[in-house]
2 protein chains.
Amino acid sequence: MRPREGNGASREPRRVTSFDVARAAGVSRAAVSRAFTPDASVSEKTRQKVYQAAKELGYRVNYLARSLTNKRSDFVGLVAAGLDNPFRTQQLEHLARALIARNYRPILLPTSKEADSATVIGQLLHYAVSGVIITSDAPPSHIFEECAAEGVPIVLINKGEDFPFVDRVVSDDRMSGYIAADHLLEAGAKRLAVVAGAAVSYSSRRRAEAFLARCQMLGIEAPLVPVAINDYRHGHDAAPALVDLGIDGVFCVNDYMACGVLDGLAKAGRGGGAVRVVGHDDIPQASWSAYELTTFLQPCDVQAEQVIDLLVSRISEPDAVARVEFTPVTLIKRRSA
Amino acid sequence: MRPREGNGASREPRRVTSFDVARAAGVSRAAVSRAFTPDASVSEKTRQKVYQAAKELGYRVNYLARSLTNKRSDFVGLVAAGLDNPFRTQQLEHLARALIARNYRPILLPTSKEADSATVIGQLLHYAVSGVIITSDAPPSHIFEECAAEGVPIVLINKGEDFPFVDRVVSDDRMSGYIAADHLLEAGAKRLAVVAGAAVSYSSRRRAEAFLARCQMLGIEAPLVPVAINDYRHGHDAAPALVDLGIDGVFCVNDYMACGVLDGLAKAGRGGGAVRVVGHDDIPQASWSAYELTTFLQPCDVQAEQVIDLLVSRISEPDAVARVEFTPVTLIKRRSA
DNA sequence: CTGTTAGCGCTTTCAT
DNA sequence: ATGAAAGCGCTAACAG
């Protein structure tokens, strides 16, 4: 059945294997393998013969076959949610680039109701992935166990301490909450508030808590205006409540929502700086001139490096104690506050 | 060396294989394989025995090993650029979801100067991918040949007809350019212009050409205001030129840039509807109340389906003639025009 | 329907 | 430094 020779109409283009290269180069398959393995023991002469033959034949190592023996592929799962928030996109892009820069391949897995993180990570386990990076909601705990059983490390981004046994990278939320309050006061605000989806995310909650703690420390009464989701629409719709409360300084736990708040305030006739607004993340829109939002830069490039560092050290030392890295934040002052 | 039994301190958690399941279920490895292969010939009884044993042992098929025999993995490369444009993000997310829904796994490959599409696609060829989807710039032609040689199908999104032998999905750019002109005139504009990075992208160019063609057809003189890149910043900076030309109706070839134009016009004192603006793509920001941009919805959900359809039919019929699918556009009327 | 056998393409001992 | 041989986990072909 299996035709060795193409006959013109044949499908299944015959792939070039290490065997072909070995024969062409007059060496063994082992030699070919070594030639393509970093710091393997091959003479420069052999290596060149192999490279030469490989180029002529158009040979490429089959990494899938390689990972069969290695017990581990160079894939890393990237589990993401909320990509409508431009910050999540930035984060994703930086993570993907950082992974590729270190010779891993990111498998993109957006989550949703149908494809919750548990299901999606279960799928990943079929590919002997080197690790899983989670920016979406934290998965149920049985997932951690399954991954541990298979020796697959997990890194959580901006997730809570309910997972003391998992490596995490978290934004310095206490710092931003704290500084946000100070900055709004310096800018002349008298009546502060924070807008946040409390149940919704760890970072969101922590930023709000830190903000309120700082207010209390300063003897200031400041309400938490709750929203269901930290997005543009909910920010927009929360504006009237802020106006009713007579607020003139508001911290939004992310920029995506802050843009909505600014637009909502404008509609309510309280735009143009009447209410000072501070956001978080420094998404591209924050610097758009319709907003010029004062915000906290959460540097996703350094964050991505932190994540990959955690991942690779976990791979090399599977039993090391779990670590937490903090991503520093920087206040970016613009017109909105 | 290789320890078969864990001794407590041992690494390399021993993975469960089909052999273990076969033994536990009292069947052959082939039976196990069949139990996990859709429409394979197994009795329900055997299948259940296998599932039972598999569950108890925590067995998962190793898809990497599977694709070694199948000669093809279920990975699909997703080559993307310009993810700062929210439309590209939407596109990406829809593609990823659509792939996953059909049991493919997207490998995310953002391109840039360091990682150009050629390099990146070359990498993909090591993974026996089922296909490559390209939303970034079209790769050099030798890539098409290499992929063809390996039997890896490519689908191009919004790329030109310089590639008649490749499957493509393109937005109905002629339609949007045409309608944009009509709509601006209906809205009362007298002096039209189009802002576009002509060299930059196929869709960009086509939309602009169609717009200008329609103007000419109607006997209207309309300039093309060129920009280097179709992004917010360049749109913003192009606004003064529009004002100087006395333009009161402008078509921006994408929303991302249109937002910049609107902000730029506002800064130049020509905001608030003095100049009618039509964008393209219907990104989330288009409906933000700071913009309320009239635009063309480019439905990435249907586009994604078109792409995957093209991909799977190409996989099953590698020698079929190349196809082009058009994604329909819909005018969304908002305040800006 | 089921088991046996022979690989898929690569890496890795183990000798030499 | 190199080659022979065994094997990673799975599936397809062939008998029965």
Side-chain angles (χ1 to χ4, degrees), chain A residues 1-4 12-50 53-54 57-74 125-129 150-151, chain B residues 1-4 12-50 53-54 57-74 125-129 150-151:
Chain A
M1 191 92 253
R2 184 188 310 131
R4 260 11 201 135
E12 295 303 316
R14 173 129 157 53
R15 268 186 66 89
V16 181
T17 79
S18 72
F19 180 83
D20 305 309
V21 178
R23 197 181 24 175
V27 298
S28 71
R29 299 169 68 215
V32 176
S33 173
R34 292 188 182 109
F36 286 103
T37 304
D39 13 88
S41 150
V42 219
S43 71
E44 194 49 34
K45 187 154 142 279
T46 309
R47 186 186 294 274
Q48 289 313 326
K49 273 194 299 186
V50 170
L57 299 177
Y59 171 73
R60 314 183 110 92
V61 179
N62 181 335
Y63 288 162
L64 262 26
R66 170 180 282 183
S67 40
L68 235 196
T69 355
N70 291 351
K71 271 22 189 148
R72 173 153 284 158
S73 72
D74 35 14
L125 263 14
H126 286 134
Y127 299 92
V129 293
E150 313 248 351
Chain B
M1 192 90 252
R2 185 188 306 133
R4 261 9 203 133
E12 295 301 318
R14 171 131 156 54
R15 269 185 66 91
V16 182
T17 79
S18 71
F19 180 82
D20 304 308
V21 178
R23 197 179 27 175
V27 299
S28 71
R29 299 171 68 215
V32 176
S33 173
R34 292 185 184 113
F36 286 103
T37 304
D39 18 84
S41 149
V42 218
S43 71
E44 194 49 33
K45 188 156 143 275
T46 307
R47 187 186 292 274
Q48 289 312 326
K49 274 194 299 187
V50 170
L57 298 177
Y59 170 73
R60 315 182 107 93
V61 178
N62 182 334
Y63 288 162
L64 263 28
R66 170 180 282 182
S67 39
L68 197 53
T69 358
N70 291 350
K71 263 44 178 132
R72 171 152 288 159
S73 72
D74 37 14
L125 263 14
H126 286 138
Y127 299 93
V129 293
E150 312 250 351

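Every chain is numbered from 1 and lettered A, B, ... according to where its sequence line falls, protein lines coming before strand lines.
For the pair A/Ala31 and B/Ala40, nearest-nucleotide mapping onto DNA chain C gives the more 5' position to B/Ala40. Toward the 5′ end of DNA chain C lies the nearest nucleotide of B/Lys45, the other residue of the pair B/Lys45 and A/Ala30 mapping further downstream.
You'll find a donor-acceptor pair under 3.5 Å spanning the side chain of A/Arg34 and the base of D/dG3, going by distance alone.
B/Val32 comes within 4.0 angstrom of nothing in the nucleic acid, heavy atoms only. Using a 4.0 Å heavy-atom distance criterion, A/Ser41 is classed as a base contact. The residue A/Tyr59 sits close only to the backbone: its heavy atoms come under 4.0 Å of sugar-phosphate atoms, none of a base.
In the helix from C/dC1-D/dG16 to C/dT16-D/dA1, the terminal helix axes, each the rotation mapping four pairs' C1' atoms onto the next four within five end pairs, subtend 30°, rounded to 10°.
Nearest heavy atom pair, residue A/Thr46 against residue A/Ser43, reads OG1-OG, 2.7 Å. Between B/Val50 and B/Ala35 the shortest heavy-atom distance is CG1-CB, 3.7 Å.
The side chain of B/Leu68 sits closest to C/dG9 out of C/dC1, C/dG9, C/dC10. Of the listed nucleotides (C/dT4, D/dG9, C/dC10), D/dG9 has the atom at the smallest distance from the side chain of B/Ala65. The side chain of A/Val42 has D/dT2 as its nearest neighbour among D/dT2, C/dT4, D/dG9.
Aromatic pair B/Tyr127/A/Tyr127: centroids not less than 6.0 angstrom apart.
Atom pair A/Leu64:CG and C/dG7:C1' shows a separation of 17 Å (rounding to whole Å applied). Note: CZ (A/Phe19) to C1' (C/dT11) measures 16 Å, nearest angstrom.
Each salt bridge (charged side-chain N to carboxylate O under 4.0 Å, His left out) pair with one or both residues in residues 17-31 of chain A, not counting sequence neighbours, appears once here: A/Arg14-A/Asp20, A/Asp20-A/Arg23.
At the phosphate of D/dT2, OP1 or OP2 sits under 4.0 Å from a side-chain N or O atom of A/Ser43. Dashed line: the shortest gap from a side-chain N or O of A/Lys71 to OP1 or OP2 of C/dT11 is not under 4.0 Å. Listed pair A/Arg66 / C/dT11 meets the phosphate criterion, a side-chain N or O lying under 4.0 Å from OP1 or OP2. Considering only side-chain N and O atoms, B/Ser28 lies under 4.0 angstrom from the phosphate OP1 or OP2 of C/dG3. An OP1 or OP2 oxygen of C/dT12 is reached within less than 4.0 angstrom by a side-chain nitrogen or oxygen of A/Asn70. The phosphate of C/dC8 has neither OP1 nor OP2 within less than 4.0 Å of any side-chain N or O from B/Thr69. Residue A/Thr46 places at least one side-chain N or O closer than 4.0 Å to OP1 or OP2 of D/dT2. Between A/Tyr63 and C/dT11 there is no side-chain polar atom (N or O) within less than 4.0 angstrom of OP1 or OP2.
Residues B/Ser18 and B/Tyr59 meet the side-chain proximity criterion, which asks for heavy atoms closer than 4.5 Å. Counting only heavy atoms from C-beta outward, the side chains of A/Arg66 and B/His126 never approach each other to under 4.5 Å.
Atom CG of B/Asn62 sits about 9.0 Å away from atom NZ of A/Lys71, to the nearest 0.5 Å.
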